Amino acid sequence: MNYWLMKSEPDVFSIQDLRERPKQTEPWDGVRNYQARNFMRDEMKPGDFILFYHSNTNPPGVAGLAEVASEPYADPTAFDKKSKYYDPKSDPDKPRWILVDVKFKDILPQYVSLEAMKGMSKLESMRVLQRGNRLSITPVSKSEFLAITKAGGLK
DNA sequence: GCCAACGTTGGC
DNA sequence: GCCAACGTTGGC
């Protein structure tokens, strides 16, 4: 079982939005970065744990938990001319962009802000805290995951 | 709004 | 294949 951190701007799509979706599930569309795509395509498995991180907001931080809820499949927004994620270079016969569905699990009783995360010694080497990191999907270790859920008020 | 970091594009 | 220009991310 793997652990992940996935960033989303809450003004665009928040953990609360995810909770309110039909089946509390949403395709993680719009990823247009190869590294992030490769994580979804090659390494994610249904049931993997996800830290749902709110970026570009004040304060940024981990707001909740989700899980991988599908096998990888082609991102339909890449084929949709009206989508802002449209990519003419993605051929439906050989799709360039791949996603998974993400399912709501929990909203953390205590929001774990980026600032709080920076103060946690167990998170010292966490990828999302390294300077210059902009990847919207990063792997997380089990101990990092547990440290954050604990700080978030879950057992 | 600023800007550092970093990914992508395209000319050569 | 190099690398300058450009675009995006995301904290502040």
Side-chain angles (χ1 to χ4, degrees), chain A residues 2-21 26-44 48-68 72-102 104-141 143-153:
Chain A
N2 292 315
Y3 299 85
W4 306 95
L5 181 143
M6 298 172 80
K7 295 179 186 172
S8 184
E9 302 190 17
D11 290 348
V12 178
F13 190 73
S14 69
I15 186 82
Q16 289 79 11
D17 294 329
L18 181 60
R19 183 179 55 186
E20 287 155 24
R21 281 296 139 124
E26 181 76 358
W28 203 258
D29 58 22
V31 169
R32 296 294 178 267
N33 170 283
Y34 290 105
Q35 265 186 284
R37 177 206 66 184
N38 292 349
F39 286 137
M40 291 196 284
R41 186 189 63 187
D42 305 333
E43 297 190 44
M44 284 192 183
D48 278 4
F49 297 96
I50 298 166
L51 297 170
F52 197 111
Y53 180 92
H54 283 175
S55 65
N56 236 321
T57 189
N58 190 16
V62 176
L65 304 183
E67 67 180 342
V68 176
Y73 61 98
D75 182 342
T77 63
F79 312 128
D80 177 2
K81 284 194 171 127
K82 284 174 296 202
S83 169
K84 68 171 177 163
Y85 301 123
Y86 175 62
D87 181 357
K89 286 179 272 190
S90 187
D91 176 351
D93 293 328
K94 206 162 180 292
R96 172 177 298 206
W97 303 114
I98 302 294
L99 54 69
V100 297
D101 290 344
V102 164
F104 175 83
K105 282 182 81 172
D106 262 313
I107 288 176
L108 292 180
Q110 316 247 42
Y111 185 80
V112 183
S113 69
L114 178 61
E115 190 183 12
M117 290 165 68
K118 285 177 176 168
M120 294 165 62
S121 58
K122 282 186 179 154
L123 304 184
E124 244 169 9
S125 57
M126 194 170 175
R127 188 130 171 213
V128 79
L129 298 183
Q130 306 310 308
R131 116 178 236 264
N133 174 69
R134 296 185 313 160
L135 253 194
S136 63
I137 299 175
T138 50
V140 171
S141 73
S143 68
E144 289 163 350
F145 182 87
L146 292 175
I148 288 170
T149 53
K150 189 175 173 195

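Source: prediction; values computed, not measured. Naming: A, B, ... by sequence-line order, numbering from 1 per chain.
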Polar contact flag, side-chain donor to acceptor under 3.5 angstrom, A:Thr77-A:Asp80: no
Rounded distance [0.5 Å steps], CD in A:Gln16 versus CD1 in A:Ile107: 4.5 Å
Going 5' to 3' through nucleotides 3-10 of chain C, assign each nucleotide B (protein heavy atom under 4.0 Å from a base atom), S (under 4.0 Å only from sugar-phosphate atoms) or - (no protein heavy atom that close). ----BBBB
Measure up the A:Trp28 and A:Phe52 rings against each other and bin them: parallel (under 30°), tilted (30 to 60°), perpendicular (over 60°). perpendicular
Can you tell me how far the CD1 atom of A:Ile98 sits from the CG atom of A:Asn38, to the nearest 0.5 Å? 10.0 Å
Identified side-chain contact (heavy atoms from CB on, under 4.5 Å) partner of A:Val102 from the options A:Asp48, A:Val68, A:Leu18: A:Leu18
Quick check on DNA chain B: between A:Lys89 and A:Gly132, whose nearest nucleotide comes earlier from the 5' end? A:Gly132
